[in-house]
Amino acid sequence: MGDHFQTIVDRDADADEAAELARRVVDRLVAEGVVLADPTDCVLGRPLGHPPGPNWSRAVAGMVTQGPCDGLAVHVGRKVFHGCPGGLEAAVCPRCSATTRLVDDRWAMIDEAWTPFVDAIGTWSATGAAQVSCPACAHRTPLRDWAWSDDYFTFAHLGFEFWNWPELTPEFRSRVAGLLDGHRTTYVRGKI
């Protein structure tokens with residue numbers, strides 16, 4: 001069956017403001033009763049997270065009979081957020097909107113298309129800055145500005161990752177985004 005995650009990623013927060021924004025969002029979610037304040041061992045891949053609170057249903061869609069079985073992991077610091085499995089079909093240039101296919105019709109990676117992105121992801125992970133040249137317009141643009149099919153990748157310093165929760169509503173995601181000083185957000189989903 002596997003575990004699934006839904007992550008609301010702040011695309012614009014820089015390293016200096018991520019911790020304060022994270023505190024603001026968690027404080028609001030605790031005040032609303034969506035999560036509890038005291039972290040526990042309730043998330044995958046992190047030592048501690050915030051367990052669901054008594055009003056967790058304010059965050060999810062429809063009449064849900066079973067609540068979340070895990071909690072909220074808050075990621076502060078440079079991170080490559082990604083969905084899985086699948087979804088990594090193409091990247092879209094932020095300057096000319098050309099689509100670069102990353103897989104062929106058999107879903108095999110196209111090495112010559114994928115290599116510049118792999119290199120840029122490695123550089124971004126190490127330094128927090130990387131650029132990629134568009135195969136169509138040849139313009140170099142920041143990796144963080146590229147769009148990905150199914151929002152597969154987001155390169156950011158702040159994310160709120162809900163593990164094994166029912167589907168988060170667009171209204172809830174919008175409320176969280178409203179606490180982030182007008183920053184753009186991305187909704188990344190996946191299953192492992």
Side-chain angles (χ1 to χ4, degrees), residues 1-89 107 121 124-125 128 144 147-181 183-192:
M1 204 153 135
D3 295 292
H4 66 277
F5 60 89
Q6 303 169 76
T7 311
I8 301 168
V9 182
D10 182 327
R11 294 184 60 187
D12 298 325
D14 62 31
D16 295 332
E17 64 187 332
E20 172 58 28
L21 291 170
R23 184 196 55 74
R24 180 188 306 164
V25 170
V26 170
D27 286 352
R28 176 65 65 87
L29 297 181
V30 167
E32 292 180 7
V34 174
V35 297
L36 299 177
D38 294 328
T40 65
D41 179 15
C42 65
V43 294
L44 280 68
R46 305 283 291 189
L48 298 173
H50 295 276
N55 298 325
W56 60 265
S57 62
R58 292 181 178 175
V60 302
M63 296 295 294
V64 180
T65 57
Q66 182 176 350
C69 29
D70 293 308
L72 164 64
V74 180
H75 296 273
V76 174
R78 187 177 333 141
K79 180 170 174 57
V80 178
F81 294 93
H82 61 86
C84 60
L88 183 56
E89 296 176 45
W107 289 92
I121 291 168
W124 188 87
S125 294
R144 288 180 72 178
W148 301 84
S149 53
D150 297 326
D151 289 328
Y152 188 84
F153 280 124
T154 303
F155 305 91
H157 297 277
L158 178 59
F160 303 92
E161 189 174 61
F162 294 82
W163 279 96
N164 295 312
W165 282 51
E167 184 177 349
L168 302 175
T169 66
E171 295 79 16
F172 175 74
R173 297 190 324 252
S174 184
R175 284 198 331 262
V176 169
L179 299 169
L180 300 172
D181 293 342
H183 293 176
R184 298 172 297 156
T185 59
T186 300
Y187 179 54
V188 178
R189 302 172 68 169
K191 182 176 180 180
I192 55 172

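Keep in mind the model is a prediction, meaning the values are calculated, not measured. For this chain, numbers begin at 1 and follow the sequence in order.
- Asp14 contributes a side-chain N or O that, together with a main-chain N or O of Glu17, makes up a donor-acceptor pair within less than 3.5 Å.
- With hydrogens and angles ignored, the 3.5 Å screen pairs no side-chain donor or acceptor of Asp70 with any backbone N or O of Val43.
- In this structure, CG in Leu158 is found 12.0 Å from NZ in Lys79, a value given to the nearest 0.5 Å.
- With values rounded to the nearest 0.5 angstrom, Asp150 atom CG is found 12.5 Å from Trp148 atom CH2.
- Thr154 pairs in a side chain to side chain contact (heavy atoms under 4.5 Å, CB included) with only one of the listed residues (His82, Arg184, Arg11), which is Arg11.
- For the atom pair NZ (Lys191) and CG (Asn164), the distance works out to 9.5 Å, reported to the nearest 0.5 Å.
- Side-chain contact between Glu89 and Trp107: present, with at least one pair of heavy atoms (C-beta onward) separated by less than 4.5 Å.
- Side-chain N or O atoms of Tyr152 include one that pairs as donor or acceptor with a backbone N or O of Gly83 at under 3.5 Å.
- With a 6.0 Å cutoff to the six-membered ring centre and a 45° limit on the axis angle, Arg173 counts as a cation-pi contact of Tyr187.
- His4 places no side-chain N or O within 3.5 Å of a backbone atom of Phe162 that could act as its donor or acceptor partner.
- Closest heavy-atom contact between Ile8 and Leu168: CD1-CD1, 4.3 Å.
- Side-chain contact between Val9 and Thr185 is absent, with no heavy-atom pair separated by less than 4.5 Å.
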Report task. Apply the test ring-ring contact (aromatic ring centres under 6.0 Å, His included) to residues His75 and Phe160: give CA-CA distance (whole Å), side-chain angles for both, the deciding distance (0.1 Å), then the verdict. Result -> CA-CA 6 Å; His75 296 273; Phe160 303 92; 9.3 Å; no
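- Between atom CZ of residue Phe155 and atom OG of residue Ser125 there is a gap of 7.5 Å, rounded to the nearest 0.5 Å.
- Val74 places a side-chain heavy atom less than 4.5 Å from the side chain of Val26.
- Between Trp124 and Val80 there is a side-chain heavy-atom pair separated by less than 4.5 Å.
- Put simply, CG on Leu21 and CG on Asp12 are 10.5 Å apart, with the number rounded to the nearest 0.5 Å.
- Val35 is not listed as a side-chain neighbour of Pro52, based on a closest heavy-atom distance of 4.5 Å or more.
- Residues Arg28 and Leu179 meet the side-chain proximity criterion, which asks for heavy atoms closer than 4.5 Å.
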Requested in this report: Please lay out, stage by stage, how Glu161 and Arg46 fare under the test salt bridge (charged side-chain N to carboxylate O under 4.0 Å, His left out).
Outcome: CA-CA 11 Å; Glu161 189 174 61; Arg46 305 283 291 189; over 6 Å; no
Query raised in the report: Between Ile192 and Cys84, does a side chain to side chain contact (heavy atoms under 4.5 Å, CB included) hold up when you go through it step by step?
Result: CA-CA 7 Å; Ile192 55 172; Cys84 60; 3.5 Å; yes
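- The backbone N or O of Gly33 lies less than 3.5 Å from no partner atom in the side chain of Arg58, so there is not a single donor-acceptor pair.
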Requested in this report: For salt bridge (charged side-chain N to carboxylate O under 4.0 Å, His left out), just list the numbers for Asp181 and Arg24, CA-CA rounded to whole Å, side-chain angles, deciding distance to a tenth of an Å, and then say yes or no.
Outcome: CA-CA 11 Å; Asp181 293 342; Arg24 180 188 306 164; 2.8 Å; yes
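- Nearest approach of Arg144 to Ala156, heavy atoms of both residues: NH2-CA, 4.1 Å.
- Leu36 places a side-chain heavy atom less than 4.5 Å from the side chain of Pro54.
- The shortest distance between side-chain heavy atoms of Ile121 and Phe153 falls below 4.5 Å.
- For the atom pair CH2 of Trp165 and CH2 of Trp56, the computed distance is 8.0 Å after rounding to the nearest 0.5 Å.
- The closest donor-acceptor contact from the side chain of His50 to the backbone of Ala37 lies under 3.5 Å.
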